[in-house]
Structure formats: structure tokens, C-alpha cells
Amino acid sequence: MPPYTIVYFPTRGRCEALRMLLADQDQSWKEEVVTKESWLQGPLKASCVSDGAQTGGATLEEGAAELSVPHRAVPHPSQLYGQLPKFQDGDLTLYQSNAILRHLGRSFGLYGTDEREAALVDMVNDGLEDLRRRCSHLIHHKREEDKAQYVRELPAHLKPFETLLSQNQGGQAFIVGNQISFADYNLLDLLLNHQVLVPGCLDPFPLLSAYVARLSARPKLKAFLASPEHVNRPIFGSRKI
Ligand code: GTS
């Protein structure tokens, strides 16, 4: 039995970076896929809802919006957040995708080689979260003019990552230091998604383009990215991108 279980909607969403990390680190894991129907029944959400949800505090965003999950689903006290992903590592249960990434980063030595690098890895990952939120807002509240604005502003949001790469060994290595970190998997996931969402968006960024090609060619990642498991899983819910 693999020690890891990912409980999530049938999308890449906030879990594909985790999956890429696990695959590249030669780990296996179990998937528990949560359908819209089972989520709407409520007990699973209730089993991960915070006290705040007693007043309707659970938010609805991203995949849930895609899945048309209603706001303020059944609240339940003394539980956590009311959202997926949920992640099991043996008897440790975690919520919050970035906490899970960091946990795996610590477990597999993917958190820089010292405190300075760890701080930089955190900085990159927090920057990625900013972009991920913008992107998911666009997907779930999409209007044509919003997409046009998103596309116009995207270069400014990608540029920091090109700059960070250029500052680390001329862009020939990883986003921080000399070894892969959890932030690399997160960055790779967002860049791959953006190549689908905004084709050609990496063209002005030669280092990021080469980085995507280089990381995607790592043998275990390459195999994962070519697997039906990855290929057939939509980036976001029902929009099939
Ligand atoms: N900060 C959380 C994280 O990083 O894990 C956000 C999790 C989140 O927004 N989960 C959404 C959810 O469970 C699904 S998705 O956005 O990841 O696709 N929504 C269901 C609900 O009822 O809110």
C-alpha cells in the first residue's frame, strides 16, 4: 500500500504539481476521485469544513465553481477548511495544496540545500500562488474582455520567473540552486497549463521555454506527462482545458 493518498476532484487543478513531484521522486500514490455528485451530497465537505463554515464561511472557488458546487454547503464544526485537496501521508492528514507541497519538499529533500535557498524556494512558490489565483479567477469568472486583459498582463506576471531563472546559473539549472525543489514542480505545472491556456505565451521567455522542455524531459516526469492518467485529466473541471 502506498503511504500517500490524494483526495481531489477529477482535475489536475491544485494536485498536478504534487503528482509530478511524486512521480519524479519514484513514488506511488492512491487517488480518491471525488465527483461533483458525491461532493454535493455534503458529508465529505462537512468532514473537511472549518468552524468558520458554521456561519457559511466555506468559500467556493476554482474547481468547485466548475463543478457547480453551491456556496455555503452544509457546515460542520471542528473540521478543516471545507475544501479539497486532502492528502494522506500514512496517519498524517493534510489540507492546503501548498502545505502539502512543502511537506513533500521536506520529506524528499526538495527544499533547497540551506535556509537561504529554502527562503528563495518559498518566495518562488508564493509568487506562483499569486499567479495561480489570478488564473483560476479568470477560468471561473471568464468573460472575453477578462481573458484579453489577462493575456495582455501575462508577460508581466511571467517575467519574474524568467528573471529568477536568469539569476541562477544563467537559467540553465532549476528555479533555485542546483537541485530540483517543490517549487520547480509547481512552476512547471503552471507553465504547462499556460501553454494550453495562452498558446505562445512563453515565446518571449527563452529561459522559461528551455526550462519547461528540460524539466519535462526528466525520464520519470516525461513518463508521467505522457501517461493517460495525466493526459486524460483536464486542467480545470468541465472546461476541458
Ligand atoms: N487554499 C486551498 C488549497 O490550496 O488547497 C484552496 C483549495 C480549493 O480552493 N479547493 C477547491 C474546493 O475544494 C477546489 S479547487 O479550487 O482546488 O479546484 N472547492 C469546493 C468548495 O466547496 O469550496
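In listed order, ligands and their atoms are each counted from 1. Throughout, residue positions are numbered sequentially from 1 according to the sequence presented.
Cluster annotation: Val196 is connected to Tyr150 through the hydrophobic network of ILVMFWY side chains, with a link wherever side-chain heavy atoms come within less than 4.5 Å.
If you look at Tyr8 next to ligand 1, the close heavy atoms, those under 4.0 Å, all belong to the side chain. If you look at Phe9 next to ligand 1, the close heavy atoms, those under 4.0 Å, all belong to the side chain.
Each of the atoms 1 (N), 2 (C), 3 (C), 4 (O), 5 (O) of ligand 1 lies under 4.0 Å from some heavy atom of Gln96. Within ligand 1, counting atoms from 1 as listed, the ones closer than 4.0 Å to a heavy atom of Pro85 are 5 (O).
A tilted orientation is assigned to the rings of Phe108 and Tyr4, their planes being inclined by 30° to 60°.
Note: an N/O pair closer than 3.5 Å links Leu84 and ligand 1 by distance alone. The shortest N or O to N or O distance between Asn98 and ligand 1 is not under 3.5 Å. When only interatomic distances are considered, the shortest N/O to N/O separation between Arg133 and ligand 1 does not fall below 3.5 Å.
Nearest to atom 8 (C) of ligand 1 by heavy atom, out of Lys86, Gln83, Glu129, is Gln83.
Heavy atoms of Trp39 come nearer than 4.0 angstrom to ligand 1 in at least one pair. Assignment of Gly13 to the shell around ligand 1 is not supported, since no heavy atom sits closer than 4.0 Å.
Checking side-chain atoms of Gln179 against main-chain N and O of Gly109 turns up a donor-acceptor pair under 3.5 Å. Put simply, the side chain of Glu229 never gets that close to the backbone of Phe224: no donor and acceptor are under 3.5 Å apart. Not a single donor-acceptor pair under 3.5 Å links the side chain of Arg106 to the backbone N or O of Tyr111.
Using a 4.0 Å cut-off between charged nitrogen and carboxylate oxygen, Glu153 and Arg134 count as a salt-bridge pair. Using a 4.0 Å cut-off between charged nitrogen and carboxylate oxygen, Lys159 and Glu162 do not count as a salt-bridge pair.
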